[in-house]
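Inspection log for the structure reproduced underneath, given as structure tokens.
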Amino acid sequence: MNSPPTPEGPGSVAGAPNLPDGFTATFTSRYVEAGGLRQHVVTGGTGPPLLLVHGWPQTWYAWRLVMPALARQFTVVAPDQRGTGLSGKPPDGYDTATLASELAALMDALGHRRFAVAGHDTGMWIGYALAADHPDRVERLAVAEAAMPGVSPSPPLFGSTAANDRLWHFALNRLAEVNDQLVAGREDVYFGFQFAKAARKLPDYAVRHYVDTLSDPDALHGSFAAYRALDATIAQNQQRKSRWLRMPVLAIGGAEGIGEGTANTMKLAADDVRSVVIPGCGHYCLEEAPEEVLAALTAFLTPATQRNE
């Protein structure tokens, strides 16, 4: 069988802007055929495997600022989700059971039977599905900055202006096709608003990078797909709640994001939940507060025997 071509251009490590010093010496892009999907994944480092799952509307690139330090202790695996970045963009299959099973297949293909998972935003949805559906695979679960439909209480339809600014995209993203029509050609307006409202300030180059990846019609359509599949995901999560998570869980929130909301959600589904709230940080904590996120992840993921050396 012919191997997939090497990823190049925008969306790959080679084409990503403003990477930390030494990034390309540690990390490489590759395609992996796994779970019936061609998946783009960025890998590097040595040590126990750690799967990093990005959120909406981002790609693996959201983890770039914490990846080099993590790679000193872990084999880091940072894929693009189905429908995003350079991964395949099928028309359906965006419920979290499918998304989680694809990532489990990816880790199989890379030779990692058991691994830790960290997920942000919609990556938290997928991380939870991985831990609940494949508990023998996930050693530890770290999640950040998301409510989980089917687990978290539903917010009121008519909440405060601040809540509306944060949550209105759920309803728009779930529409069948008019959202594509409204946003196409105006990706900078729609996604720029999302980043501006949910974060203190992301660098202009990062916002531009995400907007550029979403300017492809298939990528734009794929960016809405996990929201379109929420009915299936909610039904799955209602079943998952009966399978209580037994592995340790770290819940990270931004004080200017949802704060303790991440931990409050996970306490509805897991036994052992540790909470970290980062002062002065909004929703996009991986890029707003990478040092604080790194410290929290390292303390949680590193065995006590290593921390005490």
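Residue numbers count from 1 along this sequence. All heavy atoms count here, side chains included; hydrogens, waters and symmetry mates do not.
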Flag, side chain of Ser152 to backbone of Met148, donor-acceptor distance under 3.5 Å: yes

Test Met67 against Val42 for side-chain contact (heavy atoms from CB on, under 4.5 Å), laying out the working first. CA-CA 10 Å; Met67 287 170 66; Val42 176; 3.8 Å; yes

Quick one: are Val117 and Arg137 in side-chain contact, heavy atoms under 4.5 Å? no

Under 4.5 Å between side-chain heavy atoms, hopping through other hydrophobics if needed: is there a path connecting Val189 to Phe193? no

pair Gln39-Leu103: side-chain heavy atoms closer than 4.5 Å: yes

Checking Ser29 side chain against Val13 main chain: does a donor-acceptor pair fall under 3.5 Å? yes

Pairing of Asp180 and Arg228 as salt bridge, 4.0 angstrom limit: yes

Taking side chain to side chain donor-acceptor pair (under 3.5 Å) as the definition, give me every residue that meets it alongside Tyr210, ordered by chain and number, with sequence neighbours left out. Gln58, Glu287

With the side chain counted from C-beta on, respond yes when Glu145 and His120 share a heavy-atom pair under 4.5 Å apart, and no when they do not. yes

Taken to the nearest 0.5 Å, the spacing of Thr298 OG1 from Gln73 CD works out to 5.5 Å

Do Leu141 and Val277 belong together in a cluster built from hydrophobic side chains that touch within less than 4.5 Å? no

Going from CZ on Arg140 to CG on Leu50, what distance comes out if it is rounded to the nearest 0.5 angstrom? 12.0 Å

Any donor-acceptor N or O pair under 3.5 Å, side chains Ser12, His40: no

Reported CD1-to-CD distance for the pair Ile278 and Glu288, which is rounded to 0.5 angstrom: 9.0 Å

Kindly indicate whether the side chain of Leu286, heavy atoms from C-beta on, has any atom under 4.5 Å from the side chain of Leu52. no

Close side-chain approach of Phe74 and Phe115, heavy atoms under 4.5 Å: no

If you measure from CG on Asp133 to CD on Gln239, what distance do you get to the nearest 0.5 Å? 11.0 Å

Do the side chains of Arg30 and Thr43 get nearer than 4.5 Å, heavy atoms only? yes

Between His54 and Asp80 (side chain of the first, backbone of the second, donor and acceptor by atom type, cut-off under 3.5 Å), is there such a pair? no

Distance-minimising heavy-atom pair for Gly93 and Thr98: O-CG2, 3.3 Å

Measure the CZ-CG distance between Phe23 and Leu65 for me, rounded to the nearest 0.5 Å. 9.0 Å

Do we get Arg64 above Tyr61's six-membered ring, with its NZ or CZ under 6.0 Å from the centre and within 45° of the axis? yes

Got a donor-acceptor contact below 3.5 angstrom from the Lys89 side chain to the Ser87 backbone? yes

Can Val76 be reached from Leu130 by stepping across I, L, V, M, F, W or Y side chains whose heavy atoms are under 4.5 Å apart? yes

Minimum heavy-atom separation for Val66 to Leu294, with atom names? O-CD1, 4.0 Å

Residues at least two apart in sequence or cross-chain that pass salt bridge (charged side-chain N to carboxylate O under 4.0 Å, His left out) with Asp92, listed by chain then number, are none

Which is it for Leu86 and Tyr31 under the side-chain contact (heavy atoms from CB on, under 4.5 Å) test, yes or no, and what are the steps along the way? CA-CA 9 Å; Leu86 295 178; Tyr31 288 120; 3.9 Å; yes

Considering only heavy atoms from C-beta outward, does the side chain of Thr233 approach that of Gln236 to under 4.5 Å? yes

Is a donor on one side and an acceptor on the other found under 3.5 Å between the side chain of Ser215 and the backbone of Val211? yes

Please walk me through it: do Leu172 and Leu175 pass side-chain contact (heavy atoms from CB on, under 4.5 Å)? CA-CA 6 Å; Leu172 178 65; Leu175 297 173; 3.8 Å; yes

Ignoring hydrogens, what is the shortest heavy-atom contact between Thr262 and Ala146? Give both atom names and the distance. OG1-N, 4.0 Å

Given Tyr128, which of Thr96, Asn237, Val143 fulfils the side chain to side chain contact (heavy atoms under 4.5 Å, CB included) condition? Asn237

Nearest atoms (heavy-atom pairs only) where Trp60 meets Pro79: CB-O, 3.9 Å

Would Met266 and Leu245 satisfy side-chain contact (heavy atoms from CB on, under 4.5 Å), going step by step from the backbone distance to the final call? CA-CA 9 Å; Met266 294 312 302; Leu245 299 188; 4.0 Å; yes

Work out which heavy atom in Ile258 is nearest to a heavy atom in Ala147; give both atom names and the distance. CD1-N, 4.2 Å

Of the non-hydrogen atoms in Ala232 and Asp95, which two are nearest, and what is the gap between them? CB-CB, 3.9 Å

Nearest 0.5 angstrom please: Leu37 CG to Arg82 CZ, how far? 5.0 Å

Mind checking whether Trp125 and Phe170 have parallel, tilted or perpendicular rings, split at 30° and 60°? tilted

Has Thr75 got a side-chain atom pairing as donor or acceptor with Gly47's backbone, closer than 3.5 angstrom? yes

Is the distance between the ring centroids of His169 and Tyr227 under 6.0 Å? yes

Side-chain touch Asp212/Glu187, heavy atoms, less than 4.5 angstrom: no

More than 12 heavy atoms of other residues, nucleotides or ligands under 6.0 Å from CG of Asp204: yes or no? no

